[in-house]
Amino acid sequence: MAEAKKLGGAGLRGQVAGVTSLCTVGQSGAGLTYRGYDISDLADHAQFEEVAYLLLRGKLPNRQELEDYKKKLVSMRELPYAVKSVLEHIPKDAHPMDVMRTGCSMLGNLETETDFSQQDDKIDRMLALFPAIITYWYRFAHEGVRIDTASDVDSIGGHFLELLHGKKPSELHERVMNVSLILYAEHEFNASTFTARVCASTLSDIHSCVTGAIGTLRGPLHGGANEAAMALIQKFQTPDEAEKGLLGMLERKEKIMGFGHAIYRESDPRNAIIKKWSEELAKEVGDTVLYPVSVRCEEVMWREKKLFCNADFFHASAYHFMGIPTELFTPIFVMSRVSGWTAHVKEQRENNRIIRPSADYDGPADSKWVPIDERP
Ligand SMILES: CC(=O)SCCNC(=O)CCNC(=O)[C@H](O)C(C)(C)COP(=O)(O)OP(=O)(O)OC[C@H]1O[C@@H](n2cnc3c(N)ncnc32)[C@H](O)[C@@H]1OP(=O)(O)O
Ligand SMILES: O=C([O-])CC(=O)C(=O)O
């Protein structure tokens, strides 16, 4: 059982900043629940769209509701011409998270939320469009093709893979994407979600809340860690090399991306789930390097520092085995977490007070005004 960590110190750690009925982290069972449902049950049995519905509408959908919801999302996959045009102007070497941020923001210019009664439709449109935003840009910038963003695959994860690779994904790959999107969907008051809630608390529009959250997720201490984890494991050819490399990094006090967590103390319950799928994918592609290297990294970090893999670490190899370019790893996180962010925006709006904490001042006191020409 993942235990709650003793929390305190800087970074608002351990301070309650609001109330939520969406998620618990590190409190009970496997340590992560969405509206009371354990993450391992959701990952084993649910579809991502079912989980998005649960977060956004407050209950699991029945069969008809889920079918209608998926149909609605599929019907919203067409990218507006103006978004395509903006995406075509973004350079090939841009950071894909910047592409997501711009795509989301541009959508907010074209399909502005002018009244909160529109929030559900705006949210569903983002869920439906985010795979198209990133893959349209990626394939145009890298291959010079303008892809058709409609596809027959009705799951968001499968749709993303089809747009990226230009062919229907295998059942296994669609399943792993589904699990991955479920694992990344929601995580209480993490930094990007808190950003979204702060923005929502000013009564701003939904696209601004999500655009800000994307910018926050981009950093390597948060969502960007899955890409950094990939860069790390790719440096090593064997588990022994990985062990030696990690020991050196630890000695130099370097941060090892994909390890540790702000709340969990002994494990991140999402890790065991994605690790299992990474192992299965490794068998499928006949990998004898990346997966064993990743396992050794996990062993060394626990043995040396009692640091455990967070959700990001085994996502790196899993995504790689499915042929996903490393720079698209964090945008996948966005495709999923938009469900959690926007569920929090809705919750914030339901019982809002502007979020405005205080600071302890430690600057100079009684500074005397000096005219500009007299300053040193
Ligand atoms: C989906 C997600 O966003 S999960 C998080 C993804 N981020 C990463 O993987 C980045 C690497 N990990 C980290 O930087 C951190 O563990 C964070 C940002 C996730 C959490 O930060 P904190 O809450 O400050 O960590 P915590 O209080 O547990 O740190 C305790 C000590 O362990 C060290 N530590 C924590 N994580 C790591 C790491 N991955 N590698 C090396 N040392 C680490 C800290 O530097 C700190 O040492 P210090 O006391 O000498 O300063
Ligand atoms: O909760 C956090 O601080 C980071 C995290 O794991 C997430 O957002 O999924």
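Order of listing sets the numbers, starting from 1, for every ligand and every atom in it. None of the values given here were measured: they were computed from a predicted structure.
- Between His222 and ligand 2 there is a heavy-atom distance shorter than 4.0 Å.
- For His187, a nitrogen or oxygen atom sits less than 3.5 Å from a nitrogen or oxygen atom of ligand 2, counting backbone and side chain alike.
- Distances below 4.0 Å separate heavy atoms of Arg270 from the following atoms of ligand 2: 5 (C), 6 (O), 7 (C), 9 (O).
- Contact annotation for Lys305 and ligand 1: no heavy atom of the residue comes within less than 4.0 Å of the ligand.
- Atom 4 (C) of ligand 2 has its closest protein heavy atom at His261 NE2, 3.6 Å.
- Residue Pro220 touches ligand 1 through its backbone alone, judged by heavy-atom distances below 4.0 Å.
- When non-hydrogen atoms are compared, ligand 1 lies under 4.0 Å from the backbone of Leu221 as well as from its side chain.
- Between Thr342 and the options Asp124, Thr193, Ile123, Leu127, a side chain to side chain contact (heavy atoms under 4.5 Å, CB included) holds for only Ile123.
- Residue Ala225 has at least one heavy-atom neighbour below 4.0 Å for each of these atoms of ligand 1: 6 (C), 7 (N), 8 (C), 9 (O).
- The proximity of Phe313 to ligand 1, defined as any non-hydrogen pair under 4.0 Å, does not occur for either the backbone or the side chain.
- Contact annotation: His187 has no heavy atom less than 4.0 Å from any atom of ligand 1.
- By the 30° and 60° cut-offs, the orientation of the rings of His261 relative to Tyr264 is tilted.
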